[in-house]
Amino acid sequence: VSSGEDGLIHVWDALTLPHPLISYQTPQRRSIRAVQWSPDGKVIACLEDGRRVHLFHVATGMLLWSHIHGTDAALGDANEPDEETTCIGDLAFSSDGNLLASVGDNGVPWLWDVATGTHIGSLHSAEDVRTLAFHPSRSTGPHGLSHLATGSRQGTIQIWPVYPRT
């Protein structure tokens with residue numbers, strides 16, 4: 001999968017190059033900072049213009065949900081972000097594909113429910129978080145506990161427990 005300044009996301013097959021298998025257009029048609037496959041390969045998450053989190057269904061190209069990082073509003077219900085709105089720096093899926101983590105310029109990672117697009121929590125650190133990654137194991141502890149690693153601008157790595165939703 002690839003993306004660029006034109007707001008297009010392309011899914012490629014090395015056997016069919018130079019033509020993508022399918023392409024998606026993001027709602028605002030602005031620069032894509034990052035794209036990420038879900039672990040099952042059925043969903044692609046992207047960061048448009050550094051503020052908008054979008055999820056697309058790979059097979060149909062359907063936009064599943066869109067939100068602005070730092071707000072609880074869906075894009076259809078939200079005002080355009082102003083200069084104070086956070087810009088996203090990174091995103092990651094949990095190994096079971098149920099959670100998506102995003103982090104913005106304010107350094108606060110957000111956790112999203114992939115199925116509903118609901119913001120389910122934020123991680124607050126004294127550090128300015130810039131990057132994040134879930135542990136690759138589906139369960140790394142009792143009761144399905146997983147872990148999210150965050151890296152800060154100050155050079156610190158923190159490991160956060162992430163409990164499954166019940």
Side-chain angles (χ1 to χ4, degrees), residues 1-3 9-12 21-28 32-78 81 85-125 127 129-152 156-166:
V1 66
S2 66
S3 62
I9 298 169
H10 302 289
V11 177
W12 302 89
L21 292 173
I22 190 167
S23 296
Y24 313 111
Q25 179 71 61
T26 55
Q28 279 70 38
I32 306 294
R33 280 191 164 180
V35 291
Q36 185 73 244
W37 286 99
S38 65
D40 64 7
K42 295 180 180 178
V43 175
I44 291 175
C46 77
L47 310 174
E48 182 182 20
D49 78 9
R51 294 185 171 135
R52 294 164 176 88
V53 181
H54 305 298
L55 254 68
F56 290 91
H57 186 264
V58 173
T60 65
M62 184 172 77
L63 180 64
L64 300 174
W65 56 261
S66 294
H67 286 284
I68 298 173
H69 183 86
T71 72
D72 286 325
L75 281 180
D77 302 328
T85 303
T86 359
C87 291
I88 300 169
D90 199 11
L91 54 76
F93 279 98
S94 62
S95 60
D96 63 8
N98 292 329
L99 298 176
L100 179 70
S102 63
V103 64
D105 279 351
N106 68 355
V108 178
W110 274 42
L111 296 174
W112 305 89
D113 182 300
V114 170
T116 65
T118 304
H119 168 239
I120 59 172
S122 302
L123 305 174
H124 297 281
S125 168
E127 301 283 327
V129 174
R130 289 294 181 228
T131 189
L132 42 78
F134 275 98
H135 189 281
S137 174
R138 288 200 185 279
S139 174
T140 59
H143 312 292
L145 175 69
S146 185
H147 291 91
L148 179 70
T150 59
S152 74
T156 302
I157 296 172
Q158 292 181 289
I159 308 297
W160 304 82
V162 179
Y163 296 92
R165 298 189 70 196
T166 55

>> Counting neighbours of CD1 on Ile157 that are heavy atoms of other residues, nucleotides or ligands and sit closer than 6.0 Å, is the number greater than 12?
In response: no

>> Main chain of Thr118, side chain of Thr116: is a donor-acceptor contact present, judged purely on distance under 3.5 Å?
In response: yes

>> Under a 3.5 Å distance rule, please check whether Asp90 uses its side chain to pair with a backbone N or O of Val103 as donor and acceptor.
In response: no

> Is a donor on one side and an acceptor on the other found under 3.5 Å between the side chain of His67 and the backbone of Gly117?
Replying inline: yes

>> For His57, give me all partners under ring pair (Phe, Tyr, Trp, His ring centres under 6.0 Å), at least two apart in sequence or on another chain.
In response: none

> Just wondering, do Lys42 and Val58 contact through their side chains at under 4.5 Å, heavy atoms?
Replying inline: no

> If we only count heavy atoms from C-beta on, is the Tyr24 to Leu63 side-chain gap below 4.5 Å?
Replying inline: no

>> I'd like to check Phe56 versus Thr26 (side-chain heavy atoms, cut-off strictly below 4.5 Å). Are they in contact?
In response: yes

> Would Leu64 and Val43 count as a side-chain contact (heavy atoms from CB on, under 4.5 Å) if you check the C-alpha gap in whole Å, the side-chain angles of each, and the deciding distance to 0.1 Å?
Replying inline: CA-CA 9 Å; Leu64 300 174; Val43 175; 4.1 Å; yes

> What distance do Leu47 atom CG and Ser102 atom OG have between them, rounded to the nearest 0.5 Å?
Replying inline: 7.5 Å

>> Measuring from atom OG of Ser146 to atom CG of Asp96, what distance do you get when rounded to the nearest 0.5 angstrom?
In response: 7.5 Å

>> As an exercise, state the distance from CD1 of Ile44 to NE2 of His54, rounded to the nearest 0.5 Å.
In response: 13.0 Å

>> Measuring only between side-chain heavy atoms, which start at C-beta, is Pro109 closer than 4.5 Å to Trp160?
In response: no

> Between Ser152 and Val129, is there a donor-acceptor pair closer than 3.5 Å when you use the side chain of the first and the backbone of the second?
Replying inline: no

> Of all heavy-atom pairs between Ala149 and Ile159, which one has the smallest distance, and what is that distance?
Replying inline: CB-CD1, 3.7 Å

> Does the side chain of Phe93 come within less than 4.5 Å of Val114's, by heavy atoms?
Replying inline: yes

> To the nearest 0.5 Å, how far apart are CG in Leu99 and OG in Ser38?
Replying inline: 12.5 Å

>> Does any part of the side chain of His10, heavy atoms only, come nearer than 4.5 Å to the side chain of Ser23, both counted from C-beta?
In response: yes

> How many angstroms lie between CG in Leu148 and CZ in Phe134, if you round to the nearest 0.5 Å?
Replying inline: 4.5 Å

> Out of curiosity, Leu100 CG to Asp113 CG, how far, rounded to the nearest 0.5 Å?
Replying inline: 10.0 Å

> How would you list, by chain and number, every residue that makes a ring pair (Phe, Tyr, Trp, His ring centres under 6.0 Å) with Trp37, sequence neighbours excluded?
Replying inline: none

> Closest heavy-atom contact between Pro136 and Ser95?
Replying inline: O-CB, 3.2 Å

> So which heavy atom on Ile9 is nearest to which on Ser3, and how close?
Replying inline: CG1-CB, 4.4 Å

